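The model shown is predicted, which means the values in this text are computed figures rather than measured ones.
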Amino acid sequence: MDIPTSGEEVQSTSDGPSDRQDKNTRTATRAPSIIVGIVAAVVVALSVFYLLRPEPLLVQGEVDATRLDMAARVDGRVKEIPVERGQNVPANAVLVRIDNPETVAKLEQMRAAMAVAEAQLANVLVGTRVETIAARKAELERAQAALVLAQKTFDRTHTLTEQGNSPQARLDQMTDALHESERAVDQAKSAYDQAVNGYTKEERAIAKANVEKANADIQSVQSIIDQLQVYAPVASQVYQRNVEPC
């Protein structure tokens, strides 16, 4: 064990109260500096990040959208509008339904006329029935018999008139009756010949033309009915409704 001499200083290994107070003071002074340093580092890092990051591409301008004003081509009452304002609709979507009972009734009328024209054409193409020919022949025979009787009556009256036994007025009546019987025979013979020969080429053409006309009338009315519904021509968005169902 070494014993220090009287001229040497002895250093104590234990800290006194003044040393601990100095350490606490230094620690307390150093803490705000560390916090300020951390905050400064974060600010610098954020500044570098925002300065060096790529900026987003901003484009300014105007866009023109195609606007379509839809309107019905036919008259009628607005029955239904199955779309709302702002609604996105696909192409060929129904926008407006229109009610027109008169046009629908007219279509039924045209279809009935078409049925009549087709029946007439079928009758012409088939020709005259055997029963009709027989009836026309009987009418001709009756007309010929009436003509024979009228001729005999005229001849007898003419003889009596020449002899002075019958007035001239009676002869005039028999003359008119004879002429009427002759015309009746001509008409009956024409009807019989027509029944035997059937319908003419012109009559067949007229019957066919009537069918074509009836079909054209149906197509015309049907085109109007097809327009009772307004469709979207392209996929779009409903901008405004100018009418409402009534």
- prompt: So which pairs with a foot in residues 161-184 pass salt bridge (charged side-chain N to carboxylate O under 4.0 Å, His left out), sequence neighbours left out?
  reply: none

- prompt: Shortest non-hydrogen contact from E244 to I81?
  reply: CA-CD1, 3.9 Å

- prompt: How long is the gap from CD on Q168 to CD on Q173, to the nearest 0.5 Å?
  reply: 11.0 Å

message: Using every non-hydrogen atom in the two residues, find where V94 and Y231 come nearest and quote the distance to one decimal.
response: CG2-CE2, 3.6 Å

query: Is it true that a side-chain atom of N210 and a backbone atom of I206 form a donor plus acceptor pair closer than 3.5 Å?
result: yes

query: Should Y192 and I133 be marked as a side-chain contact (heavy atoms from CB on, under 4.5 Å) after you check the CA-CA gap, both sets of side-chain angles, and the distance that decides it?
result: CA-CA 7 Å; Y192 174 72; I133 296 176; 4.1 Å; yes

message: Is the shortest side-chain heavy-atom distance between L178 and L147 below 4.5 Å?
response: yes

query: Can you name the closest pair of heavy atoms from A177 and A150 and give their distance?
result: O-CB, 4.2 Å

- prompt: If two hydrophobic side chains count as joined below 4.5 Å and joins carry through other members, does V74 share a cluster with V78?
  reply: yes

- line: In short, S181 meets A146 closest at the heavy-atom pair OG-O, 3.8 Å

- request: Output every pair passing salt bridge (charged side-chain N to carboxylate O under 4.0 Å, His left out) with a member in residues 71-87, not counting sequence neighbours, ordered by first then second residue.
  value: R77-D99, E80-R97, E84-R241

message: Run R136 and L140 through side-chain contact (heavy atoms from CB on, under 4.5 Å) and show every step you take.
response: CA-CA 6 Å; R136 299 288 173 81; L140 175 60; over 6 Å; no

field: Distance, nearest 0.5 Å, that separates CD1 of I224 from CG of N100
entry: 8.5 Å

query: Quick one: CG on L160 to NE2 on H158, what's the gap to the nearest 0.5 Å?
result: 11.0 Å

task: Apply the side-chain contact (heavy atoms from CB on, under 4.5 Å) test between I225 and each candidate in Q229, Q227, Q222; give the one that qualifies.
output: Q222

field: Same apolar cluster: V234 and V83, side chain cutoff 4.5 Å
entry: yes

Residue pairs fulfilling side chain to side chain donor-acceptor pair (under 3.5 Å) with at least one residue in residues 111-121, sequence neighbours excluded: E108-R111

- request: Would you mind telling me which of T157, T159, N165 makes a side-chain contact (heavy atoms from CB on, under 4.5 Å) with T161?
  value: T157

task: Indicate yes or no for a side-chain donor-acceptor contact from S220 to the backbone of A216 under 3.5 Å, with no hydrogens or angles considered.
output: no

message: Pair L107, I218 - check side-chain contact (heavy atoms from CB on, under 4.5 Å), show working.
response: CA-CA 6 Å; L107 176 62; I218 290 177; 4.0 Å; yes

- prompt: About how many Å separate NZ of K208 and CG of L125, when rounded to the nearest 0.5 Å?
  reply: 6.0 Å

query: When rounded to the nearest 0.5 angstrom, what distance separates CG in D217 from CD in E212?
result: 12.0 Å

field: Residue pair A143 / A188: nearest heavy atoms and the distance that separates them
entry: CB-CB, 4.1 Å

field: Spatial distance of atom OG (S236) from atom CZ (R67) [nearest 0.5 Å]
entry: 12.5 Å

